[in-house]
Chemist: 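This is the structure, below, for whatever I ask next.
Because the structure is predicted, anything quoted here is derived from the model rather than measured.
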Amino acid sequence: MHRKASYNRISSMVFRSRISSLLLSMFATLAAIYVAGRLWQDSQNRVYLIKELDRITGQGQSAISVDDTLKIISCREQHKKLSALETELAAAKQEGFNSKNLEDTDGSVSKRRPLVVIGILTTFGRKNNRDAIRKAWMGTGATLKKMGNEKGIISRFVIGRSGNRGDSLDRGIDDENGLTNDFMILDQVEAPKEVPAKAKLFFAHAADKWDAEFYAKVNDDVYVNIDTLGATLASHLDKPRIYMGCMKSGEVFSEPSHKWYEPEWWKFGDKKSYFRYASGEMYVISRALAKFVSINRSILRTYAHDDVSIGSWFIGLDVQHLDEGKFCCSSWSTGAICSGV
C-alpha cells in the first residue's frame, strides 16, 4: 500500500514537470515569433524608406542610414513650410509700407514691423530747430503717434548728457522731453567730437528697442518729406543689407587747423579722398546692418565724422551701397526726400 502511494506521488510530479516544460516551450516559441515579426516589420520599414528616398532623389541605391533618411525627409517638410512663409511675407510686403493692425489667432492685436526709425541728432541750445522740425514734418503728441501707427515711421531726437551731469542743460532737456516725449537720451557726453560715437549708439539702441525695416540718421537742420521717404524705402524692402544715401568721396584733410580735420588721415592712402560713403545730412541702413552695429558696437572704430565712420564699417561686408539722389539734401528738388534749412 505504501509502495502504491509513493508511485502515485512520483507520477504526479512527473506530469506537472511535463506541463511546465510544455508551457515554457510554448512561451519561448511565441516570444521567438513576436521578435521575428518585429524584426521583419522593421526591415520592411527600412526598405520602404530607402526606396522612397531613392525615388525622390533619383540617385539609385542609397548608401545612407535610415536615421539620415528620416532627417532628410524632415528637412524637406521644413523647407516646404519655409517656402510657404516666404511667399506670404513677399505678398505682405507688396501691400505697402503702412503699418496696419493685424489680429492674431487668439484674438489679440499685433502690429507690423515699423518701416523706419529716424534718429534726429541734436544738441544743447537747438530747441528752436527741434520746434521747427516738430512743426514742419515730425509732429507732436497724437500726430507723432499716428505717424508711427499708420505709416510705420518713428522719429526721435537723439542727444547725450552734459559733461556736468544734472546741470541746467540736462534739466532743460528733461523738461522738454517731459512735454514732448520724443527724445532718445544716450548715456554719453554730448560734445561735437562725440558725434560719430553718438550716431553709433543711436543705431545700436534703436535696433535694440525697435525691430524696424530701416534706420535713418538725420541732422536737426534738415527737412524730411515723410511720404516720399516712406515710398522710397518701401520699394527696397526686398534688399536685406542696404546702405542708402547721397554717396560721395569727400576730401581727407590732414591739417589740424582745418574745420574737417581727420586725425587719422594717414589711414586713407593718398591723403586726398575717403572711400565712398553716404553724406551725413541723412542716410539709411537696413535692419541687418543696424543689428550688426548693435552687436559689434564695442569694436567698431569711429573717425572724425559720423558719415565716414558709418561708411567704414560696411566696406568689408556684403552690403549694397545705393547712391540715391533723393537723399542729397544740399538743394531741394522735385521728388527729393530731404532738404537743408
Chemist: Taking atom CD1 of Ile120 and atom CZ of Arg134, what is their separation to the nearest 0.5 Å?
Modeler: 8.5 Å
Chemist: Please determine if Lys248 and Asp323 form a salt bridge, counting it only when a charged side-chain N lies under 4.0 Å from a carboxylate O.
Modeler: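 Salt bridge flag = no for Asp323 with Lys248.
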Chemist: If you measure from SG on Cys246 to CG on Leu322, what distance do you get to the nearest 0.5 Å?
Modeler: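 Result: 11.5 Å between the selected atoms.
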Chemist: Please list all pairs passing the disulfide bond (SG atoms under 2.5 Å apart) test where one or both residues lie in residues 135-184, with sequence neighbours left out.
Modeler: none
Chemist: May I ask you to check whether Phe203 and Tyr215 place their ring centres under 6.0 Å from each other?
Modeler: no
Chemist: Please evaluate residues Cys329 and Cys338 with respect to the criterion disulfide (SG to SG under 2.5 Å), reporting the C-alpha separation (whole Å), side-chain torsions for both, the decisive distance (0.1 Å), and the verdict.
Modeler: CA-CA 5 Å; Cys329 308; Cys338 60; 1.8 Å; yes
Chemist: Before accepting this row, confirm whether a basic side-chain N of the pair Arg156/Asp182 lies closer than 4.0 Å to the acidic partner's carboxylate O.
Modeler: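 Judged by the 4.0 Å cut-off on N to carboxylate O distance, Arg156 and Asp182 do not form a salt bridge.
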Chemist: Looking only at the side chains, is there a donor atom on one of Asn164 and Ser162 sitting less than 3.5 Å from an acceptor on the other?
Modeler: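 No, no side-chain donor-acceptor pair sits under 3.5 Å.
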Chemist: Closer than 3.5 angstrom, by distance alone: can the side chain of Lys200 be matched with the main-chain N or O of Leu300 as a donor-acceptor pair?
Modeler: yes
Chemist: Salt-bridged, Lys198 to Asp306, with N to O below 4.0 Å?
Modeler: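 Between Asp306 and Lys198 there is no salt bridge, as every charged N stays at least 4.0 Å from the carboxylate O atoms.
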Chemist: Quick check for you: to the nearest 0.5 Å, what is the distance between Ile153 atom CD1 and Leu229 atom CG?
Modeler: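 The CD1 atom of Ile153 sits 5.5 Å away from the CG atom of Leu229.
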Chemist: Is any side-chain N of the basic residue among Lys239 and Glu324 closer than 4.0 Å to the acidic one's carboxylate O?
Modeler: no
Chemist: Should the pair Asp174-Arg161 be classified as a salt bridge under the 4.0 Å nitrogen-to-oxygen rule?
Modeler: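 Yes, this pair counts.
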Chemist: Do Lys217 and Glu281 come within less than 4.5 Å of each other through their side chains, counting heavy atoms only?
Modeler: no
Chemist: Check each of Tyr277, Tyr283, Tyr243 against Phe314 using the ring-ring contact (aromatic ring centres under 6.0 Å, His included) test, and report the only one that passes.
Modeler: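 Result: among Tyr277, Tyr283, Tyr243, Tyr243 is the only option passing the ring-ring contact (aromatic ring centres under 6.0 Å, His included) with Phe314.
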Chemist: Do Trp137 and Asn225 touch side chain to side chain, with heavy atoms closer than 4.5 Å?
Modeler: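 Trp137 does not reach Asn225 side chain to side chain.
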Chemist: Counting only heavy atoms not in Asp187, do more than 12 fall under 6.0 Å of its CG?
Modeler: no
Chemist: Under 4.5 Å between any side-chain heavy atoms of Ile242 and Ile285, yes or no?
Modeler: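 Answer no - side chains too far apart.
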Chemist: Hydrogens and angles aside, do Thr122 and Arg130 bring a side-chain donor and acceptor to less than 3.5 Å of each other?
Modeler: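 Distance-only check passes for Thr122 and Arg130.
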Chemist: Any salt bridge between Arg171 and Asp167, counting N to O under 4.0 Å?
Modeler: no
Chemist: Does Gly160 offer a backbone N or O that forms a donor-acceptor pair with the side chain of Glu190 under 3.5 Å?
Modeler: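 Judged by distance alone, yes, a pair lies under 3.5 Å.
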Chemist: Supply the atom-to-atom distance Thr232 OG1 to Phe214 CZ, rounded to the nearest 0.5 angstrom.
Modeler: 10.0 Å
Chemist: I'd like to know if the side chain of Arg241 and the backbone of Asp318 have a donor-acceptor N/O pair within less than 3.5 Å.
Modeler: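 Checking the backbone N and O of Asp318 against the side chain of Arg241, a donor-acceptor pair under 3.5 Å is found.
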Chemist: So, Lys151 and Asn149: side-chain donor and acceptor under 3.5 Å apart, yes or no?
Modeler: no
